[in-house]
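Everything below concerns the one structure shown next.
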Amino acid sequence: MLSELLTEEKIRFSADRIGWREAVTRVAEPLLAAGDITDAYVDAMIASIEAGGTYIDLGFGIALAHTRPEKGAVRTSISMLRLEEPAPLLDQPEHAVDLYFCFAAVDATAHTRAMASLARILSDTGTREALRAARTAADVTRLITAFEEKK
C-alpha cells in the first residue's frame, strides 16, 4: 500500500540547513502540488507542533507530520523529505529529525491502512536504515516495493 502512496514525485532530499517549520512546509509541498492537501492543512500541522506536538517524533530521527482530516486533507497521501542536517522539532535537540514524512488521510480506514504499512517499514531496522541511506527517489520507491513484496 505504501508504494502506491509514496511515489517518486513525493520524495525529496535537501542539503539545506533548515528549521523544523521549514522542514514541515517542504515535506508537505508535493502533497500541496498534487492537490492532496490544502494550505490550511500545512498551517494546522505547524500549529499542532507549536502547541507541543513532539508526538510526531517516531524515534530514530523520524517524524510523521499530520493533522486531522477536516483541516484540509483532500486525498490520502504520503510524502517524504530526507535532510542531511537534522531539523529538531520545537528546536529541542532530543527531537532531532532528519527524515520527515507528511501524511494525510481522508478517513479512519485509509488512516489505519496507510499507517500500518508505514509502521511495518519503519520498524524494520534494515529497511529504516536503507531509507536513510537512499540518495534518490527511485532508490526509496525500489526499497519500499521490495519490502512490500517480501511481506
Side-chain angles (χ1 to χ4, degrees), residues 1-3 5-7 10-34 36-73 75-137 139-141 143-144 147-148 151:
M1 161 143 203
L2 187 61
S3 59
L5 296 173
L6 187 59
T7 55
K10 293 183 180 170
I11 300 167
R12 305 274 170 88
F13 297 84
S14 179
D16 299 338
R17 187 180 193 112
I18 60 175
W20 68 267
R21 285 177 189 84
E22 179 69 17
V24 170
T25 300
R26 285 193 191 182
V27 73
E29 286 173 355
L31 302 188
L32 278 169
D36 297 337
I37 61 173
T38 65
D39 288 322
Y41 193 85
V42 179
D43 294 341
M45 288 190 299
I46 291 171
S48 177
I49 295 166
E50 286 172 337
T54 56
Y55 66 89
I56 72 165
D57 185 346
L58 303 178
F60 306 104
I62 302 168
L64 181 62
H66 62 288
T67 192
R68 303 216 24 97
E70 65 271 14
K71 300 288 185 176
R75 279 184 293 280
T76 299
S77 192
I78 299 175
S79 59
M80 183 189 114
L81 173 65
R82 172 69 165 94
L83 301 173
E84 285 186 20
E85 296 277 332
L89 293 172
L90 297 176
D91 303 315
Q92 298 173 0
E94 65 271 23
H95 294 289
V97 173
D98 63 350
L99 188 56
Y100 278 83
F101 289 89
C102 182
F103 176 60
V106 294
D107 60 47
T109 302
H111 181 271
T112 302
R113 288 181 51 220
M115 287 294 291
S117 181
L118 183 61
R120 279 191 301 277
I121 287 172
L122 296 179
S123 65
D124 181 85
T125 303
T127 304
R128 187 175 59 240
E129 291 310 312
L131 271 177
R132 183 167 271 112
R135 295 293 171 237
T136 68
D139 291 342
V140 172
T141 58
L143 179 68
I144 291 168
F147 181 86
E148 289 177 342
K151 300 297 172 182

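Note that the numbering runs from 1 along the sequence shown for the chain.
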Q. Are any of the side-chain heavy atoms of Leu31 and Val42 separated by less than 4.5 Å?
A. no

Q: Apply the test side chain to side chain contact (heavy atoms under 4.5 Å, CB included) to residues Leu122 and Phe60: give CA-CA distance (whole Å), side-chain angles for both, the deciding distance (0.1 Å), then the verdict.
A: CA-CA 9 Å; Leu122 296 179; Phe60 306 104; over 6 Å; no

(Q) Would you compute the distance between atom OH of Tyr55 and atom NE2 of His95 and round it to the nearest 0.5 angstrom? (A) 13.0 Å

Q | Heavy-atom pair of closest approach, residues Leu83 and Ala23 | A | CD1-CB, 4.1 Å

Q) Is any side-chain heavy atom of Asp16 less than 4.5 Å from a side-chain heavy atom of Arg26? A) yes

Q: Rounded to the nearest 0.5 Å, what's the gap from CD1 on Ile62 to CG on Leu118? Could you check?
A: 8.0 Å

(Q) Restricting to non-hydrogen atoms, name the atom on Thr141 and the atom on Leu6 that form the minimum distance, rounded to 0.1 Å. (A) CG2-O, 3.7 Å

Q: Please report the closest heavy-atom contact between Phe103 and Tyr41, naming both atoms and the distance.
A: O-OH, 2.6 Å

Q: List in chain and number order the residues that pass salt bridge (Lys or Arg N to Asp or Glu O under 4.0 Å) with Asp139, two or more places apart in sequence or in another chain; answer none if no residue qualifies.
A: Arg142

Q: Might you point out which heavy atoms bring Ala96 and Pro86 nearest each other, and give the distance in Å?
A: CB-CB, 3.9 Å

Q: Answer yes or no: is there a side-chain heavy-atom contact under 4.5 Å between Ser77 and Ile37?
A: no

Q.
So, taking the atom named CD in Glu148 and the one named CZ in Arg120, what distance separates them when rounded to the nearest 0.5 Å?
A. 7.5 Å

**Q.** CG on Asp36 to CG on Leu32, rounded to 0.5 Å
**A.** 9.0 Å

Q) Is it true that a side-chain atom of Ser48 and a backbone atom of Ala44 form a donor plus acceptor pair closer than 3.5 Å? A) no

Q) Is there side-chain contact between Ser79 and Arg12, with at least one heavy-atom pair below 4.5 Å? A) no

Q: Could you pull out the closest heavy-atom pair between Ala73 and Ala104, with the gap in Å?
A: CB-CB, 4.1 Å

Q. Considering only heavy atoms from C-beta outward, does the side chain of Thr54 approach that of Glu94 to under 4.5 Å?
A. no

Q: Rounded to the nearest 0.5 Å, what's the gap from CZ on Phe101 to CD1 on Ile56? Could you check?
A: 12.0 Å

Q) Do any N or O atoms from the side chain of Thr76 and from the backbone of Val106 form a donor-acceptor pair under 3.5 angstrom? A) yes

Q | Between CD1 on residue Ile49 and CG on residue Leu90, distance to nearest 0.5 Å | A | 7.5 Å

Q) Is the backbone N or O of Phe13 less than 3.5 Å from a side-chain atom of Arg82, with the two atoms forming a donor-acceptor pair by type? A) no

Q) Can you name the closest pair of heavy atoms from Ala34 and Arg75 and give their distance? A) O-NH2, 2.6 Å

Q.
Using the rule given for side chain to side chain contact (heavy atoms under 4.5 Å, CB included), can you reason through Val97 versus Trp20, listing the C-alpha separation, both sets of side-chain angles and the distance that settles it, and then say yes or no?
A. CA-CA 8 Å; Val97 173; Trp20 68 267; over 6 Å; no

Q. Given Ile121 and Leu131, is the side chain to side chain contact (heavy atoms under 4.5 Å, CB included) satisfied, shown in steps?
A. CA-CA 9 Å; Ile121 287 172; Leu131 271 177; 4.0 Å; yes

Q | Charged N-O contact under 4.0 Å between Arg132 and Glu129 | A | yes

